[in-house]
Amino acid sequence: CLMVVMIHAYCLDIHFKDENFTVTPPAWIKYLITLNSHVICQCAVPAFFVISAFLLYRKPFRWQCNLRKKMRTLGIPYVLVNTFWLMFYFILQHIPRLSGLFSDPNKLLSNWNWTDYLNAYLGFKTTQMVYPPYWFIRDLIVLNILGGGIKWLIDRFPRLIAVLLVAG
């Protein structure tokens, strides 16, 4: 979690109401920031998926029970949070004094059709997602749906899968 925060914490621009400032740190600080945010911490999300997979694989695995549990613990919150953000945008886009703050053409819900709403949940085109940072939950749900097949492949070809994972 800390690494994910550090990936997104790289900011040298400060914006005030009427002025913008850009901080220019010394070269060695830029190097440390780049090393930390763009090299070391880039393993945060892949590590999250590997740890999730390890925790799932180390216990007895029944695909149906696991999928039922993941839909309850991941799927329902994912749908509720995305629905909240859709409603939030819809309401604020219809309040005249606030609508200018929520006028991104890709997120203007009055221009959406049913495929755009479906995309807000499935995330095929990230430009139209209302709140895209939840992509990793969606991907974790997909990986759990594919979990039975993935487990079969790992059990059947453990060395080959290990080589492919290390090489990737």
Side-chain angles (χ1 to χ4, degrees), residues 1-12 27-90 104-109 111-168:
C1 292
L2 181 62
M3 289 176 146
V4 170
V5 170
M6 294 175 88
I7 288 171
H8 296 92
Y10 181 75
C11 178
L12 296 176
W28 67 274
I29 298 245
K30 279 186 180 178
Y31 174 77
L32 288 177
I33 290 170
T34 302
L35 179 67
N36 185 48
S37 291
H38 300 291
V39 178
I40 296 171
C41 291
Q42 287 297 321
C43 73
V45 175
F48 170 77
F49 283 110
V50 168
I51 291 168
S52 295
F54 174 76
L55 292 173
L56 176 65
Y57 194 80
R58 70 177 232 178
K59 62 184 177 185
F61 180 82
R62 288 195 48 230
W63 183 78
Q64 296 87 353
C65 293
N66 177 61
L67 194 57
R68 198 173 313 121
K69 177 184 172 192
K70 297 303 177 182
M71 287 302 141
R72 189 176 65 251
T73 60
L74 294 173
I76 292 172
Y78 178 77
V79 169
L80 290 175
V81 167
N82 276 346
T83 302
F84 167 79
W85 284 113
L86 284 169
M87 290 172 42
F88 178 80
Y89 270 73
F90 182 82
D104 179 349
N106 290 322
K107 297 178 183 177
L108 198 55
L109 301 184
N111 295 339
W112 281 19
N113 58 34
W114 69 272
T115 59
D116 294 323
Y117 283 99
L118 184 63
N119 182 56
Y121 291 95
L122 300 179
F124 294 124
K125 297 185 293 185
T126 57
T127 57
Q128 290 185 337
M129 289 182 69
V130 173
Y131 201 67
Y134 296 118
W135 64 267
F136 66 92
I137 296 174
R138 183 200 61 231
D139 288 1
L140 197 55
I141 292 168
V142 170
L143 287 173
N144 276 280
I145 291 170
L146 301 175
I150 293 170
K151 183 179 183 335
W152 179 84
L153 282 172
I154 291 171
D155 289 343
R156 181 102 178 178
F157 309 104
R159 290 188 180 107
L160 174 64
I161 299 297
V163 167
L164 290 173
L165 286 173
V166 170

In residues 60-72, what donor-acceptor pairs under 3.5 Å come from side-chain atoms, sequence neighbours left out?
| residue | atom | partner | partner atom | Å |
| --- | --- | --- | --- | --- |
| Trp63 | NE1 | Asn144 | O | 3.4 |
| Trp63 | NE1 | Ile145 | O | 2.9 |
| Asn66 | ND2 | Asn144 | OD1 | 2.9 |

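Residues Leu80 and Trp85 are not in side-chain contact: their nearest non-hydrogen atoms beyond the backbone lie 4.5 Å or more apart. Two residues are said to be in side-chain contact when any heavy atoms from C-beta on lie closer than 4.5 Å; Leu140 and Phe48 meet this criterion. Looking at heavy atoms from C-beta onward, Leu55 lies in side-chain contact with Arg58 at the 4.5 angstrom threshold.
Proximity of a side-chain donor or acceptor of Tyr78 to a complementary backbone N or O of Tyr121 within less than 3.5 Å is detected. Distance alone, capped at 3.5 Å, places no donor-acceptor pair between the Asn36 side chain and the Ile33 backbone.
The two residues Ile154 and Ile161 make their nearest non-hydrogen contact at CG1-CG2, 3.9 Å.
Note that the CZ atom of Arg138 and the CG atom of Asn82 stand 9.5 Å from one another [nearest 0.5 Å]. Distance OG1/Thr73 to CD1/Ile141: 8.5 Å, rounded to 0.5 Å. The structure places OH of Tyr89 at 10.5 Å from CZ of Phe84, a figure rounded to the nearest 0.5 Å. If you take CG on Asp139 and OG on Ser52, they are separated by 11.5 Å, rounding to the nearest 0.5 Å. Expressed to the nearest 0.5 Å, how far OG1 of Thr115 lies from OH of Tyr117 amounts to 11.0 Å. Here the CG atom belonging to Leu86 is positioned 5.5 Å from the CH2 atom belonging to Trp112, to the nearest 0.5 angstrom.
Asp155 meets the side chain to side chain donor-acceptor pair (under 3.5 Å) test with Tyr57, Lys151; sequence neighbours excluded.
Annotation for Phe49: atom CZ counts as buried by contact number, over 12 foreign heavy atoms lying within 6.0 Å.
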